[in-house]
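What's counted below: heavy atoms across the whole structure, side chains too, no hydrogens, waters or symmetry copies. Keep in mind that this is a model prediction, so the values were computed, not measured. Numbers here simply count residues along the sequence, with the first being 1.
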Amino acid sequence: MSLVSDTAASWFDRAADAAKIAEMEYRKTAAAEIARLERDRVTAFRRVRLVRLLGDAARGAETADDAAKRQSARLCREFGWSGEAPGETAVIERLQPVCRAVSGDGEGKDIAAALAAFEAWFEADRGVSFYSLFDTYVQETPVVDF
């Protein structure tokens with residue numbers, strides 16, 4: 001003789017299924033939040049890298065124009081660009097407010113505002129984050145003297 005009726009057993013089955021579904025939904029939500037936080041972290045560190053790269057490139061420049069040239073050249077080296085392709089020149093031109101803010105007396109919030117405007121333009125224009133450029137491997141080519 002069974003101590004638990006079929007009706008009671010099916011109630012516990014439904015409760016177990018509901019608990020499983022709740023757990024799966026929570027895991028899905030948690031995974032999405034973790035992925036968002038990871039993207040935010042990666043972007044934040046890439047911003048740091050970009051700002052330092054631009055700041056280092058401008059260091060020692062005597063004029064704002066010289067600083068801009070150094071920063072542009074450094075970006076081209078970073079991404080393996082010639083700096084002459086229309087897409088490259090568009091990015092370099094649009095990044096100039098960021099370059100000026102970094103090499104001038106811009107505070108963090110000034111640089112962040114210029115960077116946010118640039119990032120929004122890049123993503124609207126290209127459909128991807130600017131920082132995806134950092135994912136592209138640039139093979140160094142040796143200089144050969146003959």
(Q) Filter on side chain to side chain donor-acceptor pair (under 3.5 Å), then keep only pairs touching residues 21-31, sequence neighbours left out; what's left? (A) Glu23-Arg27

Q. Heavy atoms, side chains only, cut-off 4.5 Å: are Phe122 and Leu133 in contact?
A. yes

(Q) Do Phe134 and Glu78 make a side-chain contact, defined as non-hydrogen atoms from C-beta onward lying under 4.5 Å apart? (A) yes

Q: Hey, could you give me the CG/CZ distance between Leu53 and Arg49, rounded to the nearest 0.5 Å?
A: 7.5 Å

Q: Just grab all the salt bridge (charged side-chain N to carboxylate O under 4.0 Å, His left out) pairs involving residues 51-65, residues at least two apart or on different chains.
A: Asp56-Arg59

Q. By ring-ring contact (aromatic ring centres under 6.0 Å, His included), which residues pair with Trp121, not counting sequence neighbours?
A. Phe118

(Q) Checking Ser82 now: which residues fulfil side-chain contact (heavy atoms from CB on, under 4.5 Å) with it, not counting sequence neighbours? (A) Glu84, Glu88

Q. Between Gln71 (side chain) and Ala57 (backbone), is there a donor-acceptor pair under 3.5 Å?
A. no

(Q) Measuring from atom CZ of Arg77 to atom CZ of Arg74, what distance do you get when rounded to the nearest 0.5 angstrom? (A) 5.5 Å

Taking only distance into account, with no hydrogens and no angle test, what donor-acceptor pairs under 3.5 Å do side-chain atoms of residues 94-104 form with protein atoms, sequence neighbours excluded?
unit_1 : atom_1 : unit_2 : atom_2 : d
Gln96  : NE2    : Ser72  : OG     : 3.4
Gln96  : NE2    : Ile92  : O      : 3.0
Ser103 : OG     : Cys99  : O      : 2.9

Q. So do the side chains of Val91 and Phe79 get within less than 4.5 Å of each other, counting heavy atoms only?
A. no

(Q) Rounded at 0.5 Å granularity, tell me how far CG in Asp110 sits from CG in Leu115. (A) 12.0 Å

Q. Which distance, rounded to the nearest 0.5 Å, do you find between the OG1 of Thr89 and the CH2 of Trp81?
A. 9.5 Å

Q.
Using only atom types and a distance under 3.5 Å, with no angle test, would you say the side chain of Ser132 pairs donor to acceptor with the backbone of Val128?
A. no

Q | Partners meeting salt bridge (Lys or Arg N to Asp or Glu O under 4.0 Å) with Asp66 (sequence neighbours left out) | A | Arg70

Q: Could you check Glu123, Arg46, Glu119 and say which one makes a side chain to side chain donor-acceptor pair (under 3.5 Å) with Tyr131?
A: Glu119

Q | Pairwise distance CG(Leu54) to CD1(Ile111) - rounded to 0.5 angstrom | A | 9.0 Å

